[in-house]
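Notes for the one structure printed next.
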There are 4 protein chains.
Amino acid sequence: MSPKVSKEHKEQRRANILEAAKDVFIEHGYEQTTMKHIMDAANVSRGGLYQYFSNKEDVYEAILEEMLGTSMDRTEEVLKSEDPSYWEYLLRCLYGPDMEPDNKMDPLASPSLEFFITGRNDPRRRKYAKTRYYNGLKLFTDVIEQGKISGEFTTSFESEMIARTIISFTDGLALDQAIITKEDVKIKEQSILFIEYLRTILGVKQ
Amino acid sequence: MSPKVSKEHKEQRRANILEAAKDVFIEHGYEQTTMKHIMDAANVSRGGLYQYFSNKEDVYEAILEEMLGTSMDRTEEVLKSEDPSYWEYLLRCLYGPDMEPDNKMDPLASPSLEFFITGRNDPRRRKYAKTRYYNGLKLFTDVIEQGKISGEFTTSFESEMIARTIISFTDGLALDQAIITKEDVKIKEQSILFIEYLRTILGVKQ
Amino acid sequence: MSPKVSKEHKEQRRANILEAAKDVFIEHGYEQTTMKHIMDAANVSRGGLYQYFSNKEDVYEAILEEMLGTSMDRTEEVLKSEDPSYWEYLLRCLYGPDMEPDNKMDPLASPSLEFFITGRNDPRRRKYAKTRYYNGLKLFTDVIEQGKISGEFTTSFESEMIARTIISFTDGLALDQAIITKEDVKIKEQSILFIEYLRTILGVKQ
Amino acid sequence: MSPKVSKEHKEQRRANILEAAKDVFIEHGYEQTTMKHIMDAANVSRGGLYQYFSNKEDVYEAILEEMLGTSMDRTEEVLKSEDPSYWEYLLRCLYGPDMEPDNKMDPLASPSLEFFITGRNDPRRRKYAKTRYYNGLKLFTDVIEQGKISGEFTTSFESEMIARTIISFTDGLALDQAIITKEDVKIKEQSILFIEYLRTILGVKQ
DNA sequence: AATGAATGAGAATTCATTCAT
DNA sequence: GATGAATGAATTCTCATTCAT
C-alpha cells in the first residue's frame with residue numbers, strides 16, 4: 001500500500017533534475033536547450049524526465065517558481081530583520097549582505113530574460129514575467145515607503161516610480177551583461193554610480 | 001550589356017523583402033518567425049527568398065545593419081546641427097525632435113533584444129550586440145564630453161559611465177515593456193524621472 | 001500452508017480489475033484505452049495490474065472469455081427451459097426474456113467490434129472473432145433446426161444460412177449504432193421489421 | 001510567376017500518394033498503418049508526404065472523400081440511366097452492373113469500418129460515418145420510393161426502414177468478412193438469400 | 001533568376017513493459 | 001505480492017535547406 005520509494009525520494013529526484021536543468025539552461029540558454037540535454041545532464045531517461053515535467057516550459061517554470069519563492073523568502077527575511085536603516089536594507093536587497101556591488105549576476109538571469117522575451121506573446125509566460133516584476137515592485141516600493149515614514153528618506157518623488165526605476169535599471173544591466181560581456185558592461189562601476197543616484201533621489205539622511 | 005537596371009531591381013526586391021520581414025518579426029518575434037512567414041509576407045517564393053538571404057539570421061542581420069546605419073546617420077545629422085545646447089541635443093537623441101518622452105518605443109526593440117539574447121553564445125550575434133552597444137556608448141559619451149568642454153555640464157562623474165547608465169536604463173525599459181506591457185511599465189513617467197536624474201547628475205547649467 | 005484464501009483473494013482482485021476495465025473500455029473504446037486508464041479505474045498499481053494481465057490485449061481477452069462464457073451459459077439455460085415455442089425461444093435469444101426489441105445494445109459490443117476489426121490481421125484475435133461467430137451460428141442453427149423438426153418452422157431455406165443472416169444483420173446494427181448514434185439508426189424499428197422478415201422466411205406457424 | 005511544376009503534376013502526385021496509401025491501409029488496416037508505411041509505399045520523403053497531408057487522419061479522409069464522391073457519382077449515373085426496372089436498378093446498386101452477388105467486397109470497407117469505429121467518439125470522424133450512412137439511406141430510400149410510385153413495388157412497409165435494413169445488413173456482412181474470413185461468412189450465399197428477402201418484403205411485381 | 005516540390009534531420013511526446021525495493 | 005519509478009522504442013510533426021526545372 002505504501003509507496004515503494006518514499007515521497008522524499010521523488011522530491012529529491014525532482015530537485016536533482018531541476019539542478020541539472022539549471023546548469024543546462026545557464027550553459028545553453030532557454031531556447032537552445034532540448035529535453036535531451038536535460039536528460040543527459042540529469043542522467044534520467046526520456047520517460048523518466050517526462051514523469052516529472054511534461055515539457056521544457058514546465059521545467060523552466062519550476063525553476064522560476066523556485067526563484068520567485070526564494071526571492072519572496074529573502075524578502076520576508078530581510079523584512080523581519082531589525083535593520084536599523086532602510087537605506088542599508090535596500091542595498092542589501094540589491095547587492096547582498098555585504099551591500100557591495102560586484103560584477104556577478106544571477107546566472108539564471110539570462111535564460112530567464114530569454115524565457116520571458118521569446119514568450120512575450122504567450123499569456124502564460126507573460127504572467128510569470130508580471131509576477132516577477134510586481135514582486136520586485138512591491139518589495140522596493142515598501143522599503144522606500146517605510147524609509148519615508150521613518151524620516152530616513154526625504155524624497156518628494158513617488159516611491160513606486162523610484163522602485164520602477166530600480167527594476168528597469170537592474171534589468172537593463174542584466175540584459176546588457178547577458179548579450180555583451182560582464183567586462184564590457186562594467187556592472188560594478190555602473191552600480192556604484194546608481195547607488196549615488198539613489199542616495200540623491202531618495203534624499204537619504206546620513 | 002549593363003546590369004544596371006536589373007541590379008536596381010534586385011535592390012528594390014531585397015528592400016521589399018526586408019520591409020515585409022520587419023513586420024513579421026515585430027508581430028511574431030524573432031524565434032517564432034519562420035522563413036515561411038517571411039515568404040508569405042513578402043510575396044516571394046522559397047527559392048526567391050533564399051536568393052537574397054541564406055537564412056533567417058541573415059535576414060535579421062540585414063535589418064540590424066539598416067538600423068545601425070540609420071542610427072549612425074541620425075547621430076551624424078544631430079552632430080552637424082548647430083544645436084546651441086548639448087542638453088537638448090541629448091534629449092533629442094533619446095526622445096526625438098520634440099524631446100518629449102512618450103510611451104512608444106521602437107517596435108523592433110523587442111525582436112532585437114530577443115535576437116541578441118537567444119544568440120548570446122554565438123560570436124556572430126554577439127558582435128552585433130557589441131556594435132550596437134558601443135555605437136550608443138560613443139554617441140552619448142561624445143555628447144557629454146562636449147557638454148563638459150563647453151561648460152554646459154559640470155559633473156565630476158566619468159562621461160562614459162553616465163553614457164553606460166543611459167544605455168542600461170534604456171535597455172531595461174525596452175525589455176520590461178516587451179515582456180510585460182507598455183501600460184504596466186509606465187515608460188513615460190519613468191523617462192521623466194530619468195531626465196531629472198540626468199539633469200542632476202550632469203549638473204546641467206540653465 | 002494452504003493458499004486457498006489468498007487464491008480466492010486473487011480471484012476477487014482479478015474480477016474487480018475486469019469490472020473496472022469493462023467500464024473503461026466502454027467509455028474510451030479499445031484502442032484509446034491505456035493500461036493507465038485501467039490502473040486508475042481499478043485502483044491498482046502498475047505492477048499490480050501486470051501481475052494479473054500481461055497487456056491490454058490480455059485484459060480484453062479475459063473480458064471476451066467471460067462474455068463468451070456468459071453467452072454459452074445463457075444458451076444452455078435457454079435450451080434447458082421447456083420453452084413451448086422455438087419461435088419465442090429465438091426471440092428470447094435475440095431480445096431478452098420479454099422478447100421486445102429496444103434501442104439498447106450490449107455496451108461492450110462497440111469495443112469488441114473494435115477489438116476484432118483492428119486486430120483482423122492477428123491470428124490470435126481472429127480466433128476470438130471466429131469463436132464468437134461460430135458460437136452464435138451454432139446456437140441459431142440449432143434452434144432453427146429444432147423448430148423445423150418440430151414442424152414449427154416450415155421454411156425450405158438452409159437453417160445455417162438463416163442463422164448467418166441473423167448474425168450479419170445483428171452485427172450490422174451493432175456497428176451502425178456504434179459509429180453513428182442509437183437514435184439515428186432506429187434499432188428498435190429495424191428490429192421489428194427484421195422479426196417480420198424472420199417470421200416470413202422461417203414460415204412460422206402460429 | 002508561374003509554378004515550376006504544373007498543377008496537374010501536384011494533383012498527380014497527390015493521387016499517387018493516395019493510391020499507395022490505399023494499398024497500405026488495405027494491407028495493415030487503419031490503426032496499424034503509420035506515416036512511415038505510407039511514405040515508403042508512395043516513395044515520398046517525410047516532408048513530402050506532409051506537404052500533401054497533415055496527418056494520417058487527413059490521408060484517410062481524402063480516401064473517404066474520394067469514395068463518397070465515387071459513390072455519389074455512381075448514384076447519379078444510375079439515376080440518369082433510363083432503367084426500365086427499379087428492382088434491377090436496386091440490384092445494380094448493390095452488386096454492380098451484372099447484378100450478381102459475389103464473394104468480393106470493397107477492400108477499403110475494412111479499414112473504413114475500423115476508421116469509423118475507433119473514432120466513434122470523435123465528432124469529426126462521426127460526421128464522415130454519418131455522411132456515408134445518410135448517403136446510402138437517401139439512395140435506397142429514393143429508389144424504393146420511386147419503385148412504389150411506379151407500382152413496381154407493392155410493399156406497405158416504410159421505404160426508409162427497408163433502406164436502413166439494406167445498409168445494416170450490408171455493413172454487417174462487411175464487418176463479419178473483415179473480422180473472420182470471406183470463406184467463413186459465405187457472403188455470396190447470404191446475399192442471394194437477402195435478395196429473396198428484399199423481393200418478398202418489397203412485393204416486387206414480375 | 002525564380003519557383004516550389006522534395007528532402008531529412010531533429011525535437012517532442014506517449015506508453016507498454018520492466019524491475020529494484 | 002505489490003508498488004510505482006524508470007526505461008526506451010516508436011511515432012508524429014516541423015522547418016531549414018536544397019535542387020531540378
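First the proteins, then the strands, lettered A, B, ... as listed; each starts at 1.
Residue K10(D) places none of its side-chain N or O atoms closer than 4.0 Å to OP1 or OP2 of dG4(E). Between Y52(D) and the phosphate of dA6(E), there is a side-chain N or O to OP1/OP2 separation shorter than 4.0 Å.
Rounded to whole angstrom, the span from the CD1 atom of I17(A) across to the C1' atom of dA5(F) amounts to 11 Å. Here the P atom of nucleotide dA1(E) and the CG atom of L49(B) are 15 Å apart, to the nearest Å. If you measure from atom CZ of F53(B) to atom P of dT17(F), you get 14 Å, rounded to the nearest angstrom. Distance, I38(B) CD1 to dC15(F) P: 13 Å, rounded to whole Å. Here the C1' atom of nucleotide dT18(E) and the OH atom of Y50(C) are 9 Å apart, to the nearest Å. Whole-Å rounding puts the N55(D) CG to dT14(F) C1' distance at 13 Å. The separation between D40(D) atom CG and dT11(F) atom C1' is 13 Å, rounded to whole Å. Protein atom CZ of R46(C) is 18 Å distant from nucleotide atom P of dA20(E), rounded to whole Å.
Pairing partner, dA11(E): dT12(F), with both Watson-Crick or wobble hydrogen-bond distances short of 3.5 Å. Searching all strands for a Watson-Crick or G-U wobble partner of dT3(E) with both distances below 3.5 Å returns dA20(F).
The S45(A) side chain lies nearest to dA6(F) when the options are dA12(E), dC15(E), dA6(F). Picking from dT17(E), dT3(E), dA6(F) the nucleotide with the shortest atom distance to the side chain of R13(B) gives dT3(E). Closest to the side chain of Q51(A), out of dA5(F), dT3(E), dT3(F), is dA5(F).
Comparing M35(B) and K56(D) along DNA chain F, the residue whose closest nucleotide (by nearest heavy atom) sits nearer the 5' end is K56(D). When the nearest nucleotides of DNA chain F are assigned to T33(D) and G47(D) by heavy-atom distance, the more 5′-ward of the two goes with T33(D).
Contact check for Y52(B) versus K10(B): side-chain heavy atoms found under the 4.5 Å cut-off. With contacts defined as side-chain heavy-atom distances shorter than 4.5 Å, the pair S45(D)/M39(D) does not qualify.
Salt bridge status for K36(D) with D40(D): present, with a side-chain N to carboxylate O gap under 4.0 Å. Ion pairing between a basic and an acidic side chain is recognised when a charged N comes within 4.0 Å of a carboxylate O; K22(C) and E66(C) show such pairing.
No engagement by R14(A) is indicated, since no non-hydrogen atom pair under 4.0 Å with the nucleic acid exists.
Aromatic ring centres of Y30(D) and Y60(D): separated by under 6.0 Å.
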